[in-house]
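The structure appears right after this line, and notes come after that.
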Amino acid sequence: MKTEKLFVDTNKPDKGIILRAARYLQKGELVAFPTETVYGLGANALDAKAASKIFEAKGRPQDNPLIVHVSSIEMAQELVLDDLNDYKWLVELLWPGPVTIIFRKSRRIPDIVTAGLPNVGIRFPSHPVAQKLIEIAGLPIAAPSANLSGRPSPTDEFHVIEDMDGRIACMLLAGKTLFGLESTIVDLSRGKPTLLRPGPISVERLKTLLPDLEVPEFVKAEEKYSGPALAPGMKYRHYSPKIELILVEGDPRERYKEIITFAFEKNSIILCSRETEHLYPGEIKRRVLGSRDNLYEVAANLFYALREPGEEFERIVSEAFPETGVGLAIMNRLRKAAWRIM
């Protein structure tokens, strides 16, 4: 399959270019597109045949549900059984933005989109290109991340091309994404609000809005999750680079000698913070993800760093980061990506 690549300016999206991409969606084809979190791989969420192409293109297990993207609260209401007026105060604070909320689904959503579950994850992205694509297509878009299943999510147009060129009909490309981690997922379909996946909107922020928010132990990803996939990213191994990744838990200022030992065993690159870079010998290659005082910077660079080494290195050795704020999401992704955790 030849993939059409369309380049668009994030700040001033060309409606003519987006219309070309939208027409592919209307015809039941797949389109990769940017969001503020990562690039998504989209299909018409109301078309079971179109949605099935997502699983084929990614090599994604069919019991792993998809998130449905909308361009308005009104569009979201058409897809769920819950009355969104009951949650108006919440959705108006969180949407548009990097938060997926799970509601009971309406019959309009095919079962393949939700992996047979009675609930659906809805997201109203804030990225101007994503919003325009949904508006112009006139369709809700089912979209996981636009990468081969198991690989780090794409945060740059080059990552999308690397994984999806020749597999899908169209790519709508707009440079690097903002947050670099997938959306926070909150389940409101089972009574008590529950965090299913940490993301850019932190637990601390969510608890100011939802004081009774339940945060299960599995969101830390310290142990493999063995239950049903209630949301993307829960059940299967994710985010893994092509080479071995060792995650060294704890404060790197106390465990840096072990990090150095693992790095010297093979031709390695260390993922570290700006504050701890000086701990490592000059002959060891290292990638500074950002400051430990600005974990959003670390998050934005994480997936890029997991993809970057290519064939130049045999091993990645990563420091751990504080699990406050977006740090919980960073550690969730690192633990899921790691080949070994020390």
* Any donor-acceptor pair under 3.5 Å from R286 side chain to I284 backbone -> yes
* To do: Indicate whether any N or O donor in one side chain lies under 3.5 Å from an N or O acceptor in the other, for T177 and T155.
  => no
* Take V99 and I101, measure what side-chain contact (heavy atoms from CB on, under 4.5 Å) needs, and give me the verdict at the end. => CA-CA 6 Å; V99 178; I101 304 177; 4.1 Å; yes
* Indicate the atoms forming the closest heavy-atom contact of R333 with S183, along with that distance. => NH2-O, 4.4 Å
* Could you check if a side-chain atom of K220 sits within less than 4.5 angstrom of a side-chain atom of R335, using non-hydrogen atoms only? => yes
* Asked: Do the side chain of K105 and the main chain of I109 share a donor and acceptor less than 3.5 angstrom apart?
  -> yes
* Asked: Any ion pair linking K285 and E312 (charged N to carboxylate O, less than 4.0 Å)?
  -> no
* Asked: side-chain contact (heavy atoms from CB on, under 4.5 Å) between V8 and L173: does it pass, once the steps are laid out?
  -> CA-CA 6 Å; V8 63; L173 304 169; over 6 Å; no
* To do: State, with a plain yes or no, whether a side-chain heavy atom of E214 is found less than 4.5 Å away from one of P193.
  => no
* Counting only heavy atoms not in K15, do more than 12 sit closer than 6.0 Å to its NZ atom? -> no
* To do: Search all heavy atoms of S153 against all heavy atoms of S145 and return the closest pair with its distance.
  => OG-OG, 3.5 Å
* Any side-chain heavy-atom pair from K53 and I168 closer than 4.5 angstrom? -> no
* Asked: With side chains defined as the heavy atoms from C-beta onward, is the minimum distance between F262 and S268 less than 4.5 Å?
  -> no
* Cation-aromatic face contact K266/F313, 6.0 Å, 45 degrees -> no
* Asked: Under a single-linkage definition using a 4.5 Å side-chain heavy-atom cutoff for Ile, Leu, Val, Met, Phe, Trp and Tyr, are F33 and F7 assigned to the same hydrophobic cluster?
  -> yes
* Does R151 offer a backbone N or O that forms a donor-acceptor pair with the side chain of N147 under 3.5 Å? -> yes
* To do: Please tell me if the side chains of E157 and M171 come closer than 4.5 Å, counting only heavy atoms from C-beta onward.
  => no
* To do: Grab the two heavy atoms, one from S240 and one from W339, that are nearest each other, plus how far apart they are.
  => CB-NE1, 4.5 Å
* Structure fact -> Minimal heavy-atom distance between L79 and V70, with the atoms involved, is CD1-CG1, 3.8 Å
* To do: Please assess I102 against V186 for the test side-chain contact (heavy atoms from CB on, under 4.5 Å), listing each intermediate value before the final yes or no.
  => CA-CA 6 Å; I102 296 180; V186 178; over 6 Å; no
* Asked: Between I259 and P252, what is the shortest heavy-atom contact and its length?
  -> CD1-CB, 4.2 Å
* **I246 with L302, same ILVMFWY side-chain cluster at under 4.5 Å** => no
* Asked: So, T276 and E319: side-chain donor and acceptor under 3.5 Å apart, yes or no?
  -> yes
* Centroid-centroid distance, H159 to Y304, less than 6.0 Å -> yes
* Short side-chain donor-acceptor distance under 3.5 Å, E275 and S291 -> yes
* Asked: Are I270 and M331 connected, step by step, through hydrophobic side chains (Ile, Leu, Val, Met, Phe, Trp, Tyr) whose heavy atoms are closer than 4.5 Å?
  -> no
* Asked: Is Y87 reachable from I201 through a run of hydrophobic residues whose side-chain heavy atoms are each under 4.5 Å from the next?
  -> yes
* **Donor on one side chain, acceptor on other, K49 and N44, under 3.5 Å** => no
* Shortest non-hydrogen contact from A50 to G28? -> CB-O, 3.6 Å
* To do: Could you tell me whether a side-chain N or O of R60 sits under 3.5 Å from a main-chain N or O of P65, the two making a donor and an acceptor?
  => yes
* To do: Say whether, by atom type as modelled, one donor and one acceptor occur between the side chain of D82 and the main chain of L84 under 3.5 angstrom.
  => no
* Considering only heavy atoms from C-beta outward, does the side chain of F103 approach that of L81 to under 4.5 Å? -> no
* Asked: D187 side chain to T194 main-chain N or O, any donor-acceptor pair under 3.5 Å?
  -> no
* Start with the C-alpha distance between L271 and L306, add both sets of side-chain angles, then the distance that settles side-chain contact (heavy atoms from CB on, under 4.5 Å), and finish with yes or no. => CA-CA 9 Å; L271 304 185; L306 293 181; 3.9 Å; yes
* Asked: Is the shortest heavy-atom distance from the side chain of V317 to the side chain of R315 under 4.5 Å?
  -> yes
* Do V326 and V298 have side chains that get closer than 4.5 Å, going by heavy atoms? -> no
* Asked: Are V288 and V248 connected in the hydrophobic side-chain network, where two residues link if heavy atoms are under 4.5 Å apart?
  -> no
* Taking atom types as modelled and ignoring hydrogens, do the side chains of T37 and R123 form a donor-acceptor contact shorter than 3.5 angstrom? -> yes
Donor-acceptor pairs are to be reported for all side-chain atoms of residues 125-143 against protein atoms at under 3.5 Å, with residues two or more places apart or in another chain.
{"residue": "S126", "atom": "OG", "partner": "E36", "partner atom": "OE2", "Å": "3.3"}
{"residue": "H127", "atom": "ND1", "partner": "V129", "partner atom": "N", "Å": "3.1"}
{"residue": "Q131", "atom": "NE2", "partner": "P125", "partner atom": "O", "Å": "2.9"}

* Asked: Are E249 and R255 within salt-bridge range, i.e. N to O under 4.0 Å?
  -> no
